[in-house]
Participant: 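Let me give you the structure first, and then I'll get to my questions.
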Amino acid sequence: MSEDGGRSSEARGRTDARWCSEAGGRTDARLDLAIDRAVRELLDVEPPAGLRGRVMQRIDALSPNPVASAFGRKLAWLALPIAAAAILVLTVLAPWRSAAPAEVPPRLASSAQSEPSEAQGELAAPRAVVTPPVPPVTPSASRRAPAGPSAATPVARVITPSTPLAVPAPPDHEVVAAVALPDAAGGIGELAAIAPIAIANIRPSAIISAEISIAPLPPLAEVHIAPLSPPDRRN
Amino acid sequence: MPSIDRVNAADIADAASAMDHALVRRAQAGDVEAFGELVERNRRAVFRAALAAVGNPTEADDVAQEAFVTAFQKLAGFRAESSFKTWLLTITWRKALDRRKGLTKWMHRLAGPASSIDTGEEWDPMDRIAAGGQSQEDGLLTSDLQRRLRPLIASLPKKLRDALLLAGTGEHSYDEIARMLGIPVGTFKWRVSEARKVLKQKMRAMGYTDV
């Protein structure tokens, strides 16, 4: 190929390349334009009329002043767990409070009690356990009870000091059970005698320990170390 | 001249932000009408952000309402660390994404005509292109491109598509959109650029080499 032909073909190549890049650039630009228009067309929609009115209606349907009640809502969030914890504590404690032993008439306790006699230094036995109180019954209350077995009003009696116990207390034990006496008016039937529950007195052991004697140590034997012979001495 | 335009645009944005903050303070004090004014000023931006996510004007309207109501309920917690508009758009975007998760066939909606709320007629954005006043040949060519581009835009990965559509609304700055999406501005710009690149590659593959 002649040089003139070569130079013209190179020139044509450069022109072609430039044309391609320019054409590609134009294509790119037109594609960009098409993309922009497509996106704008997709989103060029006016919001429906009345959006403000609908929003305000929904806001009016909320609480009167939700902005001002934000603090109130925060307080509610704090109060809820505290209230739940309080209810839980009350639920746990309620059975204990209903099952707590009540006071016993002091005379009843003193008649059943017997203190053990122990040597000096020992602790005294504990006093009697209290029993539930028995409310006093008036004769008028029992007469006002309606007739009929199902409507019978339960009647109880206070155990007075003059009324002896049915069961003698053993010397080392205390009786913690009570017996209901039958009602002469014919209310509820007398309760069956309850076997006494004897509880052994607690006798704690002495806390004074025996004397501890310390014998002196035997004298230590003397330790004699022979001196090193001159050749064994270290320098 | 461009520098003057940029300065004016910045001044306008600052003035709008200051106005929004004044209305927010009044609304926080209990003035509900002030919040109504905020709704009016930001309804277009909120609606279009929602539309970019859900692709349907009816659902975008629902999302916009929910976003405004939620913003009202949380107004006491607005600290003015960012502009009110950015804060509102962040709420809107979260609501829109929640709605989109429950939507099926979003691409189908984008590819097909959407329904208009006011008239109940079928909404076809191609009608606007036909009425644009171009030459018949240009109109046909552009219509063809638009028609081809819509399903291609719908088929983009979600992150690229969201970035491209939000950038195309013209209502938000890149900074606002980046804050709304919770990503750096550079990442957002890359996503827009990548979305365009993918679309152009697909268009060339379809034969649009000399448009």
Side-chain angles (χ1 to χ4, degrees), chain A residues 12-81, chain B residues 27-30 32-33 35-37 39-40 43-44 46-48 51-52 55 57-58 60-61 64-66 68-69 72-77 110 114 116-118 123 125-126 128-129 142 145-146 148-150 152-153 164-171 195-196 199-200 203-204 208-211:
Chain A
R12 272 201 303 276
R14 281 197 295 275
T15 305
D16 288 345
R18 196 186 317 136
W19 183 87
C20 284
S21 68
E22 286 175 356
R26 279 199 301 272
T27 302
D28 247 13
R30 294 198 71 167
L31 285 175
D32 276 328
L33 189 64
I35 290 169
D36 289 340
R37 292 188 72 171
V39 168
R40 270 201 305 274
E41 291 297 327
L42 283 170
L43 298 174
D44 188 18
V45 181
E46 283 297 316
L51 177 62
R52 177 177 176 172
R54 286 195 293 280
V55 170
M56 300 313 287
Q57 274 179 8
R58 287 177 71 161
I59 288 172
D60 287 340
L62 299 171
S63 63
N65 197 352
V67 175
S69 67
F71 181 66
R73 283 200 297 276
K74 286 179 188 171
L75 274 183
W77 277 110
L78 286 173
L80 272 174
Chain B
Q28 285 173 333
V32 184
E33 282 306 313
F35 189 80
E37 191 61 32
V39 171
E40 192 63 37
R43 65 188 184 98
R44 187 191 246 191
V46 167
F47 177 79
R48 287 184 177 174
L51 186 63
T58 307
D61 182 58
Q65 288 183 50
E66 285 177 20
F68 278 120
V69 171
F72 181 77
Q73 290 174 320
K74 293 185 177 179
L75 202 59
L110 187 63
S116 167
I117 298 172
D118 295 330
W123 169 67
M126 304 310 294
R128 289 198 182 86
I129 297 172
T142 310
L145 262 179
Q146 305 292 338
R148 298 294 184 110
L149 272 168
R150 287 168 70 201
L152 292 180
I153 292 173
L164 181 69
L165 292 180
L166 286 171
T169 59
E171 294 285 337
R196 288 178 174 277
L199 286 174
K200 283 189 269 191
M203 293 300 288
R204 286 196 197 97
Y208 291 92
T209 53
D210 186 16
V211 179

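Convention: sequence-line order gives letters A, B, ...; per-chain numbering from 1. All values below were derived from every heavy atom in this structure, side-chain atoms included, with hydrogens, water molecules and symmetry-related copies excluded.
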Participant: Which heavy atom in B/G168 sits nearest to a heavy atom in A/V39, and how many Å separate them?
Facilitator: CA-CG1, 3.6 Å
Participant: Check the pair B/M203 / A/R30 against side-chain contact (heavy atoms from CB on, under 4.5 Å), numbers first and verdict last.
Facilitator: CA-CA 11 Å; B/M203 293 300 288; A/R30 294 198 71 167; over 6 Å; no
Participant: To the nearest 0.5 Å, tell me how far A/L43 CG sits from B/T169 OG1.
Facilitator: 6.5 Å
Participant: Do B/Q73 and A/I59 have side chains that approach each other closer than 4.5 Å (heavy atoms only, starting at C-beta)?
Facilitator: no
Participant: For a 4.5 angstrom cut-off between non-hydrogen side-chain atoms, does B/Q65 reach A/Q57?
Facilitator: no
Participant: Answer yes or no: is there a side-chain heavy-atom contact under 4.5 Å between A/L42 and B/R150?
Facilitator: yes
Participant: Salt bridge check, B/E33 against A/R52: does any charged N sit closer than 4.0 Å to a carboxylate O?
Facilitator: yes
Participant: How many angstroms lie between CG in A/D44 and CG in B/L51, if you round to the nearest 0.5 Å?
Facilitator: 10.0 Å
Participant: Tell me, do B/F68 and A/L51 make a side-chain contact under 4.5 Å, heavy atoms counted?
Facilitator: yes
Participant: Answer with side chain, backbone, both or neither: which region of B/L149 has an atom nearer than 4.5 Å to a non-hydrogen atom of chain A?
Facilitator: side chain
Participant: Heavy-atom distance under 4.5 Å between the side chains of B/R196 and A/L31, does that happen here?
Facilitator: no
Participant: List in chain and number order the residues that pass side-chain hydrogen bond (donor to acceptor under 3.5 Å, both in side chains) with A/R40, two or more places apart in sequence or in another chain; answer none if no residue qualifies.
Facilitator: none
Participant: Show the nearest heavy-atom pair for residues B/R44 and A/P47, with the distance to one decimal.
Facilitator: CA-CG, 3.9 Å
